[in-house]
There are 2 protein chains.
Amino acid sequence: MKALKIPEATIVRLSVYSRFLEQVDKKGIVTISSGEIAEGVGVSPAQVRKDLAYFGEFGTRGVGYNVKDLLRHTLKILGLNARWPAVVVGAGNLGSALVSYRGFRERGFDIVGVFDNDLTKIGKRLMELEVMATEKIEQIVKQHNVKIGILTVPASSAKDAANLLINAGVKAILNFAPIVLSVPADVEVRDIDLSTRLEILTFHLCLKEMM
Amino acid sequence: MKALKIPEATIVRLSVYSRFLEQVDKKGIVTISSGEIAEGVGVSPAQVRKDLAYFGEFGTRGVGYNVKDLLRHTLKILGLNARWPAVVVGAGNLGSALVSYRGFRERGFDIVGVFDNDLTKIGKRLMELEVMATEKIEQIVKQHNVKIGILTVPASSAKDAANLLINAGVKAILNFAPIVLSVPADVEVRDIDLSTRLEILTFHLCLKEMM
DNA sequence: GACTGTGAAGCCATTCACAGCT
DNA sequence: AGCTGTGAATGGCTTCACAGTC
């Protein structure tokens, strides 16, 4: 595994390949070609090969890739050979939905704490968890060695909530608040801005309107 | 406005600039430079100018941009000078959360229908809406002239749900299901894959671990 | 013959650097 | 003097095309 800089787009696709391979494996298929993967996930065969080649030589020339093997490798690369505890800060509608989101559990993520500083929400049960005050973040994060925090608080409290997570030892934040978080260099942040995603769509709808 | 091909990243940033300008405007600030916008949203000043230049000359050399003016322009470009009705298909946790998500309303999106084909969910009230059977999609989409559909169903039903939306006349889909939708060329799809976003984080956590 | 792995080419987005206004 | 708008340069990702392997 060379220490090259990997494009973020490659990581995103790796996640997609990995999930596609799970499906393929379930069907009992043993071998798959880059072309078949490409077909299945909507990219080019060369792209698939290039993406995988960043991490090693997983295929056999003239044959293709062993599905189980490649699946195991992609999961390993993404760090999904272990389970990841995570916490959610913000127990509003979105935060609550994420606590019970199946997709996370299926891919190895376990929500081990939900926090809010709204007194009307504290104590509420969500799945097997109880919403806790944000003062408890540090305790839970240390107890479960949590590295991942999911931020679903309003923009106005996002900065404070992020700091609580970072001070507790969280090293990666998935941020749903529509603001730019500034964090130390050793903390990874990725934003999911739901409105922005819709606005990409309205932009294109308008473009087409004009033609 | 030249008919150039605009990078998708530019549209994403435009949405961010636009929201930042709303904040700035609220503070009563009249004029702003590309450098100040850049600072506020975490990109380079040249990037800000280049992005805006795709759509016209909104600034004044030696001075900067008029905040209200630029805000109006960015909203217009994104199509946010009008409100957009939208429907949600999938009334699970995520779908329910999105129906009541404030951020959408604030940016001009109105959810006018929620659908599911799970009988235990049909009839349930979410905000001022009542969950309807998916057979009602066509009626509601046509009635409100809905162009945008939000898909929050499981992967297994996503293809069918997408087809219902498309047949009803929807032209843009925000897809939360972790599968690749194949749609006609006149339909825009953007995916939000929540697990993938977390997996980008675990990938980076693992990388750092190794150093 | 089929398919992977990869250097080279091509393409697209970002950054630079400066001319053009105010 | 200050800041925008933009052609040119850079950097990075994707596609191409083919050598290498089964």
Side-chain angles (χ1 to χ4, degrees), chain A residues 1-17 20-21 24 29-71 73-74 77 180 196 200 203, chain B residues 1-17 20-21 24 29-74 77 180 200 203:
Chain A
M1 196 190 292
K2 291 169 223 155
L4 265 153
K5 220 198 133 290
I6 317 283
E8 177 117 340
T10 290
I11 309 305
V12 171
R13 284 188 298 263
L14 225 52
S15 166
V16 176
Y17 301 158
F20 175 69
L21 289 169
V24 171
I29 294 166
V30 176
T31 300
I32 195 166
S33 69
S34 60
E36 291 167 312
I37 297 174
E39 168 85 8
V41 306
V43 305
S44 74
Q47 184 76 80
V48 172
R49 293 198 300 275
K50 187 64 98 175
D51 284 338
L52 297 173
Y54 279 114
F55 301 98
E57 307 196 0
F58 304 128
T60 310
R61 292 168 197 232
V63 179
Y65 303 88
N66 175 281
V67 174
K68 274 196 199 311
D69 238 49
L70 188 56
L71 173 56
H73 275 118
T74 53
I77 293 163
V180 181
T196 293
I200 295 170
F203 171 78
Chain B
M1 195 189 292
K2 290 168 224 157
L4 265 152
K5 221 200 132 290
I6 317 285
E8 177 117 340
T10 291
I11 309 303
V12 171
R13 286 189 297 265
L14 225 51
S15 165
V16 175
Y17 301 158
F20 176 69
L21 290 168
V24 172
I29 294 165
V30 176
T31 299
I32 195 164
S33 69
S34 60
E36 290 166 313
I37 297 173
E39 168 85 10
V41 305
V43 303
S44 74
Q47 184 75 82
V48 173
R49 295 200 298 277
K50 187 63 98 175
D51 285 337
L52 297 174
Y54 279 114
F55 301 97
E57 306 197 359
F58 304 125
T60 310
R61 291 168 197 234
V63 179
Y65 302 88
N66 176 281
V67 174
K68 273 194 200 311
D69 239 46
L70 188 56
L71 173 56
R72 193 150 18 83
H73 275 117
T74 53
I77 292 162
V180 181
I200 296 170
F203 171 79

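B/Val48 meets the side-chain contact (heavy atoms from CB on, under 4.5 Å) test with B/Tyr17, B/Ser34, B/Ile37, B/Ala38, B/Val43, B/Leu52; sequence neighbours excluded. Partners of A/Ala9 according to the side-chain contact (heavy atoms from CB on, under 4.5 Å) rule, which considers only residues two or more places apart in sequence or in another chain, are A/Arg13.
Here the side chain of B/Ala53 is nearest to one of D/dG5, C/dT6, D/dC3, namely D/dG5. Between C/dA13, C/dT4, D/dC13, one nucleotide has an atom nearer to the side chain of A/Pro7 than all others, and that is D/dC13.
Between the CD1 atom of B/Ile11 and the P atom of C/dA13 there is a distance of 11 Å, given to the nearest Å. The interatomic distance linking A/Tyr54 (OH) with D/dC13 (C1') rounds to 7 Å, in whole Å. For the pair A/Ile6 CD1 and D/dT14 P, the interatomic distance rounds to 12 Å; values are reported in whole Å. Atom NZ of B/Lys5 is separated from atom P of C/dC12 by 7 Å (rounded to the nearest Å). Between A/His73 atom NE2 and C/dG5 atom P the separation is 11 Å, expressed in whole Å. Rounding to whole angstrom units, CD1 of residue B/Ile32 and C1' of D/dC3 are separated by 13 Å. Put simply, CZ on B/Phe55 is 14 Å from P on D/dG5, counting in whole angstrom units. Computed from coordinates, the A/Asp51 CG to C/dT6 P distance equals 14 Å when rounded to whole Å.
No more than 12 heavy atoms of other residues, nucleotides or ligands sit less than 6.0 Å from atom CD of A/Glu39.
The side-chain heavy atoms of A/Val30 and A/Asn66, taken from C-beta on, include a pair separated by under 4.5 Å.
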Given A/Leu14 and A/Phe55, is the side chain to side chain contact (heavy atoms under 4.5 Å, CB included) satisfied, shown in steps? CA-CA 11 Å; A/Leu14 225 52; A/Phe55 301 98; 3.6 Å; yes
Run the side chain to side chain contact (heavy atoms under 4.5 Å, CB included) test on A/Ile6 and B/Phe203 for me, step by step, so that the C-alpha distance in whole Å, both residues' side-chain angles and the decisive distance to 0.1 Å come before the verdict. CA-CA 11 Å; A/Ile6 317 283; B/Phe203 171 79; 4.3 Å; yes
For nucleotides 15-21 of chain C, give me one character per nucleotide, 5' to 3': B if any protein heavy atom sits under 4.0 Å from the base, S if the only such contacts are to the sugar-phosphate, - if neither. BBB-BBB
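Within the 4.0 Å cut-off from OP1 or OP2 of D/dG5, at least one side-chain nitrogen or oxygen of B/Tyr65 is found. For the OP1/OP2 pair of C/dT4 and a distance below 4.0 Å, the side-chain nitrogens and oxygens of A/Ser34 include at least one atom meeting the criterion.
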